[in-house]
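Proteins get letters first, then strands, A, B, ... in listed order; numbering begins at 1 in each.
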There are 2 protein chains.
Amino acid sequence: MTTIKDIAKVAGVSTATVSRVVNNGPKVGPKTRDKIIQIMHELGYTPNANARALVTRKSKTIGVVIPEISDPFFASLATGVEQVARETSNQLLLSTGKISAQTELEAIQLLIEQRCDIIIAHSKLIADDTLVELCQQIPGFVLIDRHIEAVKDKCIWLDNIEGGRIAARHLLSLGHQQLAVINSHYEIEDPYLRLQGFREEVEHSGIEASNEPLIVKHEPSLRGGELAAQALIASGKPFSAIFAYNDAMAIGAISVLEANGYRVPQDVSVLGFDDVMLSQYSRPKLTTLRYPIQQMAKHAAQLARAMALGQPLSTAASQSYVPELIQRDSVKPLPSSS
Amino acid sequence: MTTIKDIAKVAGVSTATVSRVVNNGPKVGPKTRDKIIQIMHELGYTPNANARALVTRKSKTIGVVIPEISDPFFASLATGVEQVARETSNQLLLSTGKISAQTELEAIQLLIEQRCDIIIAHSKLIADDTLVELCQQIPGFVLIDRHIEAVKDKCIWLDNIEGGRIAARHLLSLGHQQLAVINSHYEIEDPYLRLQGFREEVEHSGIEASNEPLIVKHEPSLRGGELAAQALIASGKPFSAIFAYNDAMAIGAISVLEANGYRVPQDVSVLGFDDVMLSQYSRPKLTTLRYPIQQMAKHAAQLARAMALGQPLSTAASQSYVPELIQRDSVKPLPSSS
DNA sequence: CAACTTGGGTTAAACGTTTAACCCATTAAA
DNA sequence: TTTAATGGGTTAAACGTTTAACCCAAGTTG
């Protein structure tokens with residue numbers, strides 16, 4: 001590949017001068033500039049980002065760690081980060097680590113090796129201590145979807161408890177009393193917190209103790225939702241509304257419900273979570289709680305950038321987000337017949 | 001950040017020795033090795049990938065260019081590439097360029113600056129010549145979803161014409177005669193080629209000339225599908241089966257059809273294209289043509305890697321893929337009443 | 001006219017690695 | 001005992017940039 005030296009030789013100038021025209025620097029006359037540009041084109045020169053990063057100690061790349069690309073939720077996350085990358089003319093380095101704390105850590109490690117100035121990590125599995133250390137070591141390191149009190153100004157997260165509360169309040173306000181929850185079976189915080197908020201609100205509402213919510217756990221996927229709904233039906237217990245862990249589970253549940261003669265929302269209401277694009281495509285269109293992940297990701301990236309630059313972020317936006325109820329067609333009031 | 005020099009100083013050895021333990025090289029005794037590893041941990045050393053790339057002239061990163069991350073189709077593409085990246089312990093650098101030939105080219109340029117050994121580009125807008133040039137300049141450069149005869153051994157593409165034929169054959173074989181096509185309105189090859197194949201087969205089948213397929217174009221999205229279906233209905237012309245440009249359009253069309261009293265598939269059959277995850281989630285589950293994009297992306301990445309390494313790919317797999325008919329519930333035979 | 005400034009450069013060090021070319025003890029083989 | 005091989009290192013150049021520190025000629029000022 002052509003280097004700056006080749007150009008310099010041909011143009012009969014020093015590499016410093018060539019470097020200056022590449023970077024639109026000062027100290028080079030218009031004549032020389034034109035000549036060099038000309039030669040650069042002829043020789044098909046492309047600057048070497050590695051050499052640059054090495055000497056300037058900044059890589060112009062922003063790294064993202066997510067479990068996987070195909071999940072639309074994480075794709076939204078990446079898109080949010082990509083937007084700020086574009087705005088700040090940075091590159092996007094994407095690292096995935098889905099399986100274990102080990103692979104998540106490796107994914108982060110790779111980004112550090114690349115000397116990303118900015119890193120947005122979505123990690124559910126790595127231990128708090130490790131993450132705290134990373135936050136402290138690397139200025140531009142920010143956590144998304146996770147709340148660690150010790151480094152909370154480097155976290156952007158969703159208030160899952162409040163999410164659970166909002167869900168419960170909505171269902172209760174429509175008269176539903178026989179509630180069911182289809183939760184994720186993963187041992188991470190989110191399902192627990194949502195359930196906690198949900199229960200809190202249910203108890204709060206003075207519903208009869210005998211009517212404690214039915215709870216069933218499965219993999220947070222379409223298939224998991226189907227299985228969960230089957231379990232719910234098989235239990236023989238009555239329910240008029242379901243709060244699902246995410247939209248995929250909600251949609252899976254709906255299809256099993258309908259296959260079993262329940263109409264949604266006439267017989268059973270189903271409330272989703274996340275508001276991925278899917279939920280608009282499903283029929284009935286899904287009522288759900290919007291997880292503003294893309295916006296959060298943008299925020300995270302901006303925060304990380306500010307941290308990396310050492311400038312505190314001016315916008316005083318809260319780092320904790322509250323999901324928003326999106327009313328579509330899968331949740332309806334309980335017929336007042338009872 | 002700690003460098004190899006710091007380690008060397010503390011350990012009282014040369015940087016060469018440290019470098020060797022970092023890379024599991026030979027020529028270092030077990031005692032020294034252990035000591036150095038120990039020190040590396042204490043000082044929290046992380047190798048600098050940029051410096052490495054500079055001197056070895058290989059970056060261990062594989063670049064992908066796609067229009068956007070959020071589209072599930074492109075997310076699948078990226079996932080395919082990511083799989084090979086993981087298998088070959090490479091990094092994934094993702095560059096998006098959606099709007100114009102200009103931005104697509106910029107996205108590629110960025111990857112070249114990073115000196116990616118391997119680049120998989122999805123480009124619909126850049127002119128043939130430019131791409132041919134890139135293919136020739138960069139050994140590990142491969143095109144996906146595009147077929148340029150001059151560099152066809154660096155292309156992986158779908159046979160769109162055959163896709164159109166398969167669609168037509170399937171619909172015709174079920175007795176449908178009054179056909180409609182909902183196509184993408186973008187001025188790229190794919191919609192034309194599919195339509196071409198579709199028409200070919202229709203003419204071939206000796207259907208009456210008066211029954212030429214109804215054609216309507218819109219943006220290839222859910223919304224576009226809705227609008228297209230409306231246009232179809234408004235035209236007043238009869239149709240019993242629709243071939244949609246992609247699954248999103250198909251689903252949009254279905255919702256409008258049902259809203260207008262048509263039942264799918266009893267009154268109208270709808271055939272999608274792509275088989276994104278969506279199509280399993282929709283109801284009725286979508287009959288569609290599978291675009292094996294993830295597999296193609298894997299293939300492209302392997303091909304690119306082989307090219308970069310100068311080893312011709314051993315597997316003699318064809319570089320052109322044919323979509324596969326996935327039968328679900330949105331297409332049914334025409335009731336033989338007529 | 002001496003003393004500055006300014007425009008347009010050049011020189012050379014530095015960034016953090018890798019690696020070819022050496023070097024020096026030991027030990028083994030002839 | 002000489003020669004050869006082997007293990008365990010060191011030295012120093014190179015990768016492609018950027019940038020601080022110089023340098024010089026041609027104006028400008030006072």
* Asked: Under the criterion side-chain contact (heavy atoms from CB on, under 4.5 Å), which of A:V13, A:T32, A:V10, A:D6 is the partner of A:V18?
  ->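 Among A:V13, A:T32, A:V10, A:D6, the one that satisfies the side-chain contact (heavy atoms from CB on, under 4.5 Å) with A:V18 is A:V13.
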
Tell me if the [atom1] atom of [X] is crowded by more than 12 foreign heavy atoms within 6.0 Å.
X      : atom1 : answer
A:K9   : NZ    : no
A:E189 : CD    : no
A:K58  : NZ    : no
A:Q319 : CD    : yes

Any side-chain donor-acceptor pair under 3.5 Å between [X] and [Y]?
X      : Y      : answer
A:Q294 : A:T79  : no
B:R115 : B:T61  : no
B:E87  : B:Q83  : no
B:E113 : B:Q109 : no
A:Q38  : A:E42  : yes
B:Q114 : B:S59  : no

* **From CD1 (B:I293) to CD1 (B:I156), nearest 0.5 Å** =>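 Here the rounded value is 10.0 Å.
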
* Asked: Should B:D117 and B:R305 count as an ion pair when the cut-off is N to O under 4.0 Å?
  ->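 No.
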
* **Ion pair A:K298/A:E82, N-O distance below 4.0 Å** =>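 Between A:E82 and A:K298 there is no salt bridge, as every charged N stays at least 4.0 Å from the carboxylate O atoms.
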
* From the 5' end of DNA chain C to its 3' end, which nucleotides mark the outer limits of contact with chain B, defined by a 4.0 Å heavy-atom distance cut-off (strictly under)? ->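 Boundary nucleotides touching chain B, in 5' to 3' order, are C:dG16 to C:dC22.
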
* What side chain to side chain donor-acceptor pair (under 3.5 Å) pairs are there with at least one residue in residues 139-156 of chain B, not counting sequence neighbours? ->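 Output for this query lists B:H122-B:D145, B:D128-B:R146, B:D145-B:Y291, B:H147-B:E149, B:E149-B:K152.
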
* Asked: Using a heavy-atom distance cut-off of less than 4.0 Å, which residues of residues 42-59 of chain B contact DNA chain C?
  ->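 Per residue number, the list reads B:Y45, B:T46, B:P47, B:N48, B:A51, B:R52, B:V55, B:T56.
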
* Asked: Near DNA chain C, under 4.0 Å by heavy atom, which residues of residues 7-16 of chain A?
  ->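 The stretch gives A:V13, A:S14, A:A16 as the residues lying under 4.0 Å from the strand, ordered by number.
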
* Asked: How do A:T3 and B:T17 order along DNA chain D: which one's closest nucleotide is nearer the 5' end?
  ->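 On the 5' side of the pair lies B:T17.
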
* Please list residues of residues 19-30 of chain B whose heavy atoms come under 4.0 Å from any atom in DNA chain D, ordered by number; otherwise none. =>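 Heavy-atom cutoff 4.0 Å gives B:R20, B:K27, B:V28, B:G29.
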
* Overall bend - the helix from C:dC1-D:dG30 to C:dA30-D:dT1, comparing terminal axes fitted on five pairs, nearest 10 degrees ->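 That helix has its two terminal axes inclined by roughly 40°.
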
